[in-house]
Amino acid sequence: MTTPPHQPAPNPYSGAPVPPNPYAGAPAAQPNPYAQQPAPGFPAQQGGIAPGTMPPGAMPHDPAYAPPYGHAPAPGCRNCGAPQAALFSVRAHVGVLVLMRFHTLNGPFCRPCGRSLVRTMTTKTLCQGWWSPLSLVLFTPFTLFWNLLAAIKFGKLPDPTPAPGRQPLEEGPPVHARPLAYVAIIPLLWFTWVAVNIYLDASGSR
């Protein structure tokens with residue numbers, strides 16, 4: 001007895017009608033009212049270039065393509081935020097035998113904040129800056145001269161107007177009224193004594 005070949009079942013979906021697309025012929029989408037708009041003074045998007053984006057061939061720092069972040073705030077005192085400030089640094093130096101440390105506080109500072117830092121850092125240098133050979137003849141004199149220039153520069157500034165909630169530093173007593181500043185007399189006397197003896201020995205050997 002011969003078995004008839006297997007016949008596949010008919011596709012029930014063949015010839016079924018295709019339902020219409022409910023989105024066909026729908027009106028075009030409306031523009032998004034919340035999309036980011038170009039900031040005033042900056043070019044609108046053209047040719048796929050978004051506002052604030054530098055296109056190929058544009059020069060660096062071109063203001064026409066700068067990001068719309070607004071103007072940078074004016075520099076003020078680092079401590080109290082007063083706009084009456086000078087961009088100058090204050091230094092201190094510590095020298096102990098072969099070890100040396102350099103301290104720098106970069107401005108800007110207003111008049112009282114700058115003068116307070118100058119007096120503090122200068123007193124520190126006069127007390128601790130002489131105990132190394134290189135410090136004695138080079139780094140400490142340079143630091144004291146630098147702080148003298150800083151004191152002159154800060155002293156020419158007008159009275160500061162601190163930012164709300166901030167106060168300038170207290171200037172404190174001047175350097176000559178601080179006892180630690182007179183520690184410098186010890187190494188200076190020693191250096192003078194050594195220099196005088198070297199001179200006398202050189203004069204006697206002639």
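This one's a predicted model, so the numbers in the text were calculated from it and none came from an experiment.
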>> Does either side chain, that of Q84 or that of T161, offer a donor lying less than 3.5 Å from an acceptor on the other one?
In response: yes
> How about S89 and N106: do any of their side-chain heavy atoms sit closer than 4.5 Å?
Replying inline: yes
>> Check for me, please, whether V118 and L144 land in the same ILVMFWY cluster - side-chain distances under 4.5 Å, paths through other members count.
In response: no
> From T143 OG1 over to L138 CG, what is the distance, rounded to the nearest 0.5 angstrom?
Replying inline: 9.0 Å
> Relative to each other, are the rings of H93 and F139 parallel, tilted or perpendicular (30° and 60° limits)?
Replying inline: tilted
> If only atom types and distance count, is the side chain of N147 paired as donor or acceptor with the main-chain N or O of A92 below 3.5 Å?
Replying inline: no
>> Let me confirm one number: the NE2-CG distance from H103 to L117, rounded to the nearest 0.5 Å.
In response: 13.5 Å
> Distance from W131 atom CH2 to L97 atom CG, nearest 0.5 Å?
Replying inline: 10.5 Å
> Under a 4.5 Å cut-off applied to non-hydrogen side-chain atoms, are L126 and V183 in contact?
Replying inline: no
>> Hydrophobic clustering (ILVMFWY, side-chain heavy atoms < 4.5 Å, transitive) - are L99 and L134 grouped together?
In response: no
>> On a heavy-atom basis, which atom in C77 and which in C80 lie closest, and how many Å separate them?
In response: SG-N, 3.6 Å
>> Measuring from atom SG of C110 to atom CG of D159, what distance do you get when rounded to the nearest 0.5 angstrom?
In response: 10.0 Å
>> When you measure from the side chain of Y182 to the backbone of H176, do you find a donor-acceptor pair of N or O atoms at a distance under 3.5 Å?
In response: yes
> From Q128 CD over to L180 CG, what is the distance, rounded to the nearest 0.5 angstrom?
Replying inline: 8.5 Å
>> For P141 versus S135, what's the shortest heavy-atom pair and its separation?
In response: CD-O, 3.5 Å
> Going by heavy atoms in the side chains, are V137 and W130 under 4.5 Å from each other?
Replying inline: no
> Counting N and O atoms only, with roles assigned by atom type, does the side chain of R178 sit under 3.5 Å from a partner on the main chain of T123, one being a donor and the other an acceptor?
Replying inline: no
>> Distance check, rounded to the nearest 0.5 Å: L157 atom CG versus F88 atom CZ?
In response: 11.5 Å
>> Any non-hydrogen side-chain atom of C113 less than 4.5 Å from a side-chain atom of L169?
In response: yes
>> Looking at every heavy atom in both P158 and R111, which two are closest together, and how far apart are they?
In response: O-CB, 4.2 Å
> With a 4.5 Å heavy-atom cut-off, do R119 and E171 have their side chains touching?
Replying inline: yes
>> Let me check something: do V94 and M121 share a hydrophobic cluster, defined by ILVMFWY side-chain heavy atoms less than 4.5 Å apart, either directly or through other members?
In response: no
> Transitively linked via ILVMFWY side-chain contacts under 4.5 Å: V175 with L149?
Replying inline: no
> Do the non-hydrogen side-chain atoms of P108 and R78 ever get within less than 4.5 Å of each other?
Replying inline: yes
> Considering all heavy atoms of both residues, which atom of Q167 and which atom of N79 are nearest to each other, and what is their separation?
Replying inline: O-ND2, 3.3 Å
> Do any N or O atoms from the side chain of T140 and from the backbone of L136 form a donor-acceptor pair under 3.5 angstrom?
Replying inline: no
> For F102, does the CZ atom sit with more than 12 other heavy atoms under 6.0 Å from it, leaving out its own atoms?
Replying inline: yes
> Do the side chain of T120 and the main chain of S116 share a donor and acceptor less than 3.5 angstrom apart?
Replying inline: yes
> Is the number of heavy atoms from other residues, nucleotides or ligands under 6.0 Å of R166 CZ greater than 12?
Replying inline: yes
>> If hydrophobic clusters are built by linking Ile, Leu, Val, Met, Phe, Trp and Tyr wherever their side-chain heavy atoms come under 4.5 Å apart, do F145 and V90 end up in the same one?
In response: yes
